[in-house]
Amino acid sequence: MPELPEVEVVRSGLAPALVDATVSAVTVHDARALTRHPGSVDDFEQSLRGAHVVAVCRRGKFLWMPFTPAGGSNAARAVVAHLGMSGQMLLRFSGAPVERHERIRLDIDHPHHGALAVVFADQRTFGSLALDPLLPTTDAAPGGFGADEATVPAQVAHIARDPLDPALDETRLRRLWARKRSAIKRVLLDQTVISGIGNIYADEALWGARIHPETPADALSARHVTRLLAEIRAVLDKALAEGGTSFDAQYVNVNGQAGYFAHSLHAYGRTGAPCHRCGRPIARVSFMNRSSHFCPSCQRMPRTR
DNA sequence: CTATGATCCTGCGAGC
DNA sequence: TGCTCGCAGGATCATA
Ligand SMILES: [Zn+2]
């Protein structure tokens with residue numbers, strides 16, 4: 001569910017309440033939410049109790065919160081959060097009732113905001129929390145959005161920088177795209193090439209750039225690539241400004257409010273509806289177990305010689 | 001090495 | 001009403 005704009009909405013909502021907060025209690029309701037945590041449930045709870053949160057950071061769809069342990073001063077580890085398909089991070093008052101699909105709750109004390117609860121809820125359980133060591137970035141740039149330090153959690157090290165990251169290596173990106181024979185849609189979803197793009201924004205960016213989703217990436221001209229990159233950034237920026245895409249109550253910000261970018265969609269979820277450019281019906285094809293929505297008229301495969 | 005499809009899980013709406 | 005089917009914002013792993 002959450003792609004870069006939705007995750008960034010969550011990050012910016014969490015940051016004021018979490019930066020400088022101290023974890024007073026940890027409640028794990030469902031251990032499946034810790035499948036990516038390298039240690040035990042006990043280790044998770046004990047390591048976090050008394051911890052002091054230093055920052056709330058994001059790269060692509062990954063969130064992490066560097067922390068100093070109780071009695072320590074060195075932020076060697078971070079809480080890594082990935083929302084998967086259905087995860088939410090919710091801010092609640094201390095003692096608020098257990099949420100539907102609540103998996104983990106962190107009770108925190110903040111010097112200005114007092115006692116709060118950070119709730120990780122996740123219907124489909126593809127999301128997770130984990131404690132992970134922070135490693136230096138290979139390019140010496142800050143780890144991601146919201147990060148001052150040039151570090152990333154070990155679990156995020158293989159994730160490429162995202163389109164809104166000033167340190168994104170565009171030369172590398174172009175080189176990788178030019179080398180891949182897979183459909184551009186699949187390549188856009190490969191988080192090791194560029195991160196943050198999911199099924200919605202891939203379809204929207206391809207519609208905007210008038211590129212057929214099944215075009216082999218290596219068949220794209222330099223002009224196509226430039227157009228696609230511009231569309232990716234434009235759609236992510238606009239979605240972020242509108243609070244992300246919400247089809248139901250599943251994607252919400254930390255206060256449970258929906259975003260309204262769903263009104264701005266041109267391709268995703270519009271099967272059979274008229275294309276906003278040419279009026280012909282939007283088509284839907286299925287591959288890699290997901291749907292691609294596109295206009296067969298505006299988005300032609302490049303002629304193959 | 002690259003490329004592809006299956007898989008994890010829960011819930012909802014459509015159709016019978 | 002109650003059942004089955006298809007589908008859902010993601011990432012990873014096994015197989016060619
Ligand atoms: Zn069209």
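Chain identifiers are assigned alphabetically (A, B, ...) following the order of the sequence lines, protein sequences preceding nucleic acid strands; residue numbering begins at 1 within each chain.
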Checklist line | Of all pairs that satisfy side chain to side chain donor-acceptor pair (under 3.5 Å), the ones with a partner from residues 207-220 of chain A, not counting sequence neighbours | finding: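 Applying side chain to side chain donor-acceptor pair (under 3.5 Å) to every pair that reaches into residues 207-220 of chain A, excluding sequence neighbours, yields nothing.
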Next item on the list: Taking atom P in both C:dA14 and B:dC9, compute the distance separating them and give it to the nearest angstrom.
Entry: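 Each nucleotide's P atom is 16 Å from the other's.
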Check: In whole Å, what separates the P atom of C:dG6 from that of B:dA6?
Finding: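 The answer is 14 Å between these two P atoms.
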Check: So which of A:Ile108, A:Leu106, A:Asp107 actually passes side chain to side chain contact (heavy atoms under 4.5 Å, CB included) with A:Ser24?
Finding: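 Filter result, single survivor: A:Asp107.
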Check: Only one of A:Ser47, A:Pro153, A:Pro69, A:Pro38 clears side chain to side chain contact (heavy atoms under 4.5 Å, CB included) with A:Leu131; which?
Finding: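 For A:Leu131, the side chain to side chain contact (heavy atoms under 4.5 Å, CB included) test succeeds with only one of A:Ser47, A:Pro153, A:Pro69, A:Pro38, which is A:Ser47.
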Check: Which of residues 285-295 of chain A sit near DNA chain C, with a heavy atom under 4.0 Å from it?
Finding: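 DNA chain C contact set from residues 285-295 of chain A: A:Arg290, A:Ser291.
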Give a yes/no answer on whether the side chain of [X] brings an N or O atom under 4.0 Å of OP1 or OP2 in [N].
X	N	result
A:Arg36	C:dA11	no
A:Lys180	B:dT2	no
A:Arg32	B:dC8	no
A:Ser182	B:dT4	yes
A:Arg179	B:dC1	no
A:His158	C:dT12	yes

Just by distance, no angles: are the side chains of [X] and [Y] close enough, under 3.5 Å, to form a donor-acceptor pair?
X	Y	result
A:Ser291	A:Tyr268	no
A:Asp42	A:Gln46	no
A:Asp20	A:His52	yes
A:Tyr201	A:Glu6	yes

Notebook entry, point to check: Is any side-chain N or O of A:Arg186 under 3.5 Å from a base N or O of B:dA3, one able to act as donor and the other as acceptor?
Noted result: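 Result: no qualifying N/O pair found.
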Whole angstrom value for the distance that separates [atom2] of [N] from [atom1] of [X]:
X	N	atom1	atom2	value
A:Lys185	B:dT4	NZ	P	15 Å
A:Leu176	B:dA3	CG	C1'	15 Å
A:Asp190	B:dT2	CG	P	10 Å
A:Asp122	B:dT10	CG	P	11 Å
A:Met85	B:dC9	CE	C1'	10 Å
A:Gln191	C:dA11	CD	P	4 Å
A:Leu34	B:dC8	CG	C1'	17 Å
A:Leu189	B:dA3	CG	C1'	15 Å

Extract from the structure each pairing of a protein N or O with an N or O of nucleotides 14-16 of chain C at less than 3.5 Å, listing the distance.
none

Checklist line | Inter- and intrachain pairs under salt bridge (charged side-chain N to carboxylate O under 4.0 Å, His left out), touching residues 133-153 of chain A, at least two apart | finding: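 Sorted result for residues 133-153 of chain A: A:Asp139-A:Arg161.
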Checklist line | side-chain hydrogen bond (donor to acceptor under 3.5 Å, both in side chains), paired with A:Asp162, selected from A:Gln191, A:Arg59, A:Arg58 | finding: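 Only one option passes, and that is A:Arg58.
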Notebook entry, point to check: Is there a stack between A:Phe126 and C:dG10, judged by ring centres under 5.5 Å and planes under 30°?
Noted result: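 Answer is yes, a stack.
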Margin query: Taking any heavy-atom pair under 4.0 Å as a contact, classify A:Tyr201: base, sugar-phosphate, or nothing.
Written below: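 No contact.
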About how many Å separate [atom2] of [Y] and [atom1] of [X], when rounded to the nearest 0.5 Å?
X	Y	atom1	atom2	result
A:Arg103	A:Asp30	CZ	CG	5.0 Å
A:His29	A:Glu102	NE2	CD	4.5 Å
A:Thr27	A:Phe120	OG1	CZ	14.5 Å

Report yes or no: does [X] contribute a side-chain atom to a donor-acceptor pair with the main-chain N or O of [Y] at less than 3.5 Å?
X	Y	result
A:His101	A:Arg124	no
A:Arg49	A:Ala25	no
A:Ser86	A:Asp122	no

Checklist line | Canonical and wobble pairing (Watson-Crick, G-U, under 3.5 Å) of DNA chain B, dot-bracket with | | finding: .|||||||.|||||||
Next item on the list: On DNA chain C, check which nucleotide each of A:Gln155 and A:Asp248 is closest to and give me the residue with the more 5' one.
Entry: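 Result: A:Asp248.
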Grab the N/O contacts between the protein and nucleotides 11-14 of chain B below 3.5 Å, and write none if there aren't any.
| from | atom 1 | to | atom 2 | distance (Å) |
| --- | --- | --- | --- | --- |
| B:dG11 | O4' | A:Gln123 | OE1 | 3.3 |
| B:dC12 | OP1 | A:Arg100 | NH2 | 3.1 |

